[in-house]
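Worksheet for the structure shown next.
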Amino acid sequence: MKQRKKVLPVMLLICMMSLLMACGDKSAVTEKEEYVQETDAAENDVASMTEKEPEETAQSQEHEMTDVDEQTEEQAPVVEKPQILSLQETRNARYEGIGDYEKLLLISEYNCVTFWEDTENYQEMDRTLSETAGMIVRSQEDEADNILSFADEMFDVDSYFETQVSTVDVQVRRADSVVVSLLTDSYADYGFIEDFRGMWGSNYDTQTGQQLLITDVIKDMTPIPSLVEKELNSHLWAGEGYSEAVIQDYFQNTPEDGISWTLDYNGVTFYFGDGDITEPGNGGQAATISFAEHSELFEEKYMNVPEAYMVRLPLDSSFFTDLDEDGTLEELNVTGLYDEEGRFYSELGIYTDTDGYYHYEELFAYGFNPYYVKTAEGKHYLYLFCEENDAEDRQMMLVVYDVSNGQLVRAGEMNAAPAYIPSDIFILPLNPNYLRLDNFDSMEQDFGVYMVGENGMPVRK
C-alpha cells in the first residue's frame, strides 16, 4: 500500500516585549502600587477557590466530565446490526432402478439456495445465487446421466453391483445484509470413487454479489497456521497431534482459491479434506478462528453480525461456537447411525467438548437436518428437523435441545417443518425471531410465523 507524505505547516509565534521606562519618580511609584494591588487581588481569588467545599469542587468536575462524555456519545456513529436474509432451498432427487426398483442403480440428490423474498434490495446477490443454482442443476444432471450409463453397463456383468450415489447438500452458514456464506457438503460413491466426502465454502459480499477471497477478510495470514494448529489440538472430536509444520506447508502450497473456508457469524472456519493435513483415511477436519479471540486479524465490516441467528450444521462434522459465554469456542457435533440398505437413521448422537457432554437416543428418521440457534438473550439451542417419510412426503418432526453451557437437555418436540412451497421448495429457518413453519398439528393450510420462545420451543408470533 502506498503511503502518503503529509506536509505539516509550522507556525512561528513571535513575542514582542516593550520595556516601559519610568518618566520620573512619581510614575515609578504609581506603577509599583498598581502592581501590588493586582497581586493582592490574585492571591485573594486563589484563597477563595481554596476555601470551597471539596464536595462542591468534585461535583463541578463531575459535571464537566459528564458534558464531555455526552458530547462523545453524540459524535460516535451508531453501527446498525445486519439484517438476516430470507432464503429458500429447492430440493431435487433422481432415483433410477431395475424393474420395480427392486435394485437401485442410481441415487442423485442435490439442492440449490436462492432468495425467497426481498430480491429488490439485493439484486446482485440474487443474480449470483440464481446463476449458481443453474450451474448446480446442469452439473448434477450431467453427472447423473454419466453415472447411469456406467451403471447400466456394470449391472449386466456384475451381479453384486452396488447402487451408485451422488449427493450435494448446500448449507447456509451465514446470510445477512453483509455476507452470504454457503457450505457445500458433497458425497460420492460411484464408479472408481469410494466414499468420498468434500466440504467447500463459497463466500459473497451481499451488496455486490461478488465472491470474497480469504485475504479480503483476514488482513494478515501469517499467524493463521499456528492458530489453526492450536484449534485442531484443543478440541475433543476435531483431532489431536497435528503438527504446525504440516499446517504451515498446507497454507504455503495451496493457492488462495484452493483453500476451503466459510465466513461464519463468529469467525472464519477452515475445512481440510481427507489427506490434506493427515494420512488418507482419517477423514476431514475443521477449525474456526474466532472474531472474539482474534479481532485484530479481521476486516471490521465482517465482524458486524446480528444478535440472533441460525446456522445449518453438517452431520458428523465439528461446529465451533461459544456455548458457555467464556470467550472461547466449544465444539458441537451431531451424528447419526445410518442404515444404507434401508436408507434411514435409527440413532442420534450429540457431543460437546464442554466437560465431555454427550447425548444419545434412538431416533428414527429418513433424514436429519440440524440447525444451531443463538438467541439475542445468549441462549443456545439445537433444532433438529427429522424427516419422517421418504422424499415424496415432507412430513417432519422438530426436536429441540438446549445446548447452553455445553450441556444437552431435551427441551421438547413438535410436528413441524420449514415452510414447504410446492414443489420441493422450503423456506429456510435462518432467523430465530421470524420462523416460517408448517405446524402439522394446527390443521392450518398455510405456514405460520413463529419465534424461539423462552424455553427454546417455537411460539407463534
Side-chain angles (χ1 to χ4, degrees), residues 82-93 109-123 125-126 129-130 133 136-137 169-172 174-177 180 182 206 306-313 363-376 379 381-401 411-461:
Q83 299 297 310
I84 294 180
L85 304 182
S86 179
L87 303 181
Q88 66 182 22
E89 70 168 350
T90 303
R91 295 188 183 183
N92 298 275
E109 299 174 341
Y110 62 94
N111 68 330
C112 306
V113 173
T114 53
F115 272 89
W116 164 247
E117 62 182 8
D118 206 19
T119 57
E120 63 277 5
N121 291 325
Y122 307 100
Q123 295 182 17
M125 192 67 245
D126 176 46
L129 290 180
S130 297
I136 292 175
V137 171
D169 187 7
V170 180
Q171 304 165 7
V172 177
R174 177 172 172 177
D176 57 43
S177 51
V180 171
L182 307 175
T206 306
E307 293 181 347
Y309 50 81
M310 298 177 68
V311 181
R312 172 68 191 281
L313 304 184
L363 188 61
F364 178 89
Y366 282 96
F368 288 147
N369 302 290
Y371 284 82
Y372 162 74
V373 182
K374 180 188 177 300
T375 69
K379 297 288 288 184
Y381 299 100
L382 178 70
Y383 269 33
L384 183 69
F385 292 98
C386 306
E387 299 180 14
E388 295 189 314
N389 299 87
D390 213 340
E392 295 180 358
D393 193 334
R394 298 306 186 181
Q395 180 90 8
M396 295 186 191
M397 178 178 69
L398 170 62
V399 186
V400 178
Y401 301 88
E413 64 183 59
M414 64 185 293
N415 291 317
Y420 177 62
I421 311 298
S423 68
D424 299 323
I425 295 176
F426 290 90
I427 303 176
L428 293 173
L430 303 176
N431 187 348
N433 299 320
Y434 202 91
L435 295 170
R436 297 178 178 90
L437 300 177
D438 285 328
N439 186 341
F440 301 112
D441 294 330
S442 68
M443 305 301 291
E444 295 179 347
Q445 295 296 322
D446 297 323
F447 62 80
V449 178
Y450 294 77
M451 62 180 293
V452 176
E454 293 183 359
N455 66 344
M457 297 298 296
V459 295
R460 193 69 181 263
K461 285 181 70 74

Of all heavy-atom pairs between [X] and [Y], which one has the smallest distance, and what is that distance?
X    : Y    : result
Y122 : S177 : OH-CB, 3.5 Å
F385 : P429 : CE1-CG, 4.0 Å
N92  : T90  : ND2-O, 3.6 Å
M310 : L435 : SD-CD2, 3.4 Å
N369 : M396 : ND2-CE, 4.4 Å
E117 : S86  : CG-OG, 3.4 Å

What distance do [X] atom [atom1] and [Y] atom [atom2] have between them, rounded to the nearest 0.5 Å?
X    : Y    : atom1 : atom2 : value
E307 : N433 : CD    : CG    : 9.5 Å
Y366 : E388 : OH    : CD    : 10.5 Å
Q395 : D438 : CD    : CG    : 9.5 Å

Does a side-chain heavy-atom distance below 4.5 Å link [X] with [Y]?
X    : Y    : answer
L87  : L129 : yes
L363 : L384 : yes
P370 : Y383 : no
N121 : Q83  : no
E444 : N439 : no
L398 : Y371 : no
V311 : R174 : no
I427 : I421 : yes

May I ask you to check whether over 12 heavy atoms, not counting those of E454, lie within 6.0 Å of atom CD? no
Check for a donor-acceptor pair, side chain of N415 on one end and backbone N or O of D441 on the other, with a separation under 3.5 Å. no
Side-chain H-bond candidate by donor/acceptor type, D176 with Y309, under 3.5 Å: no
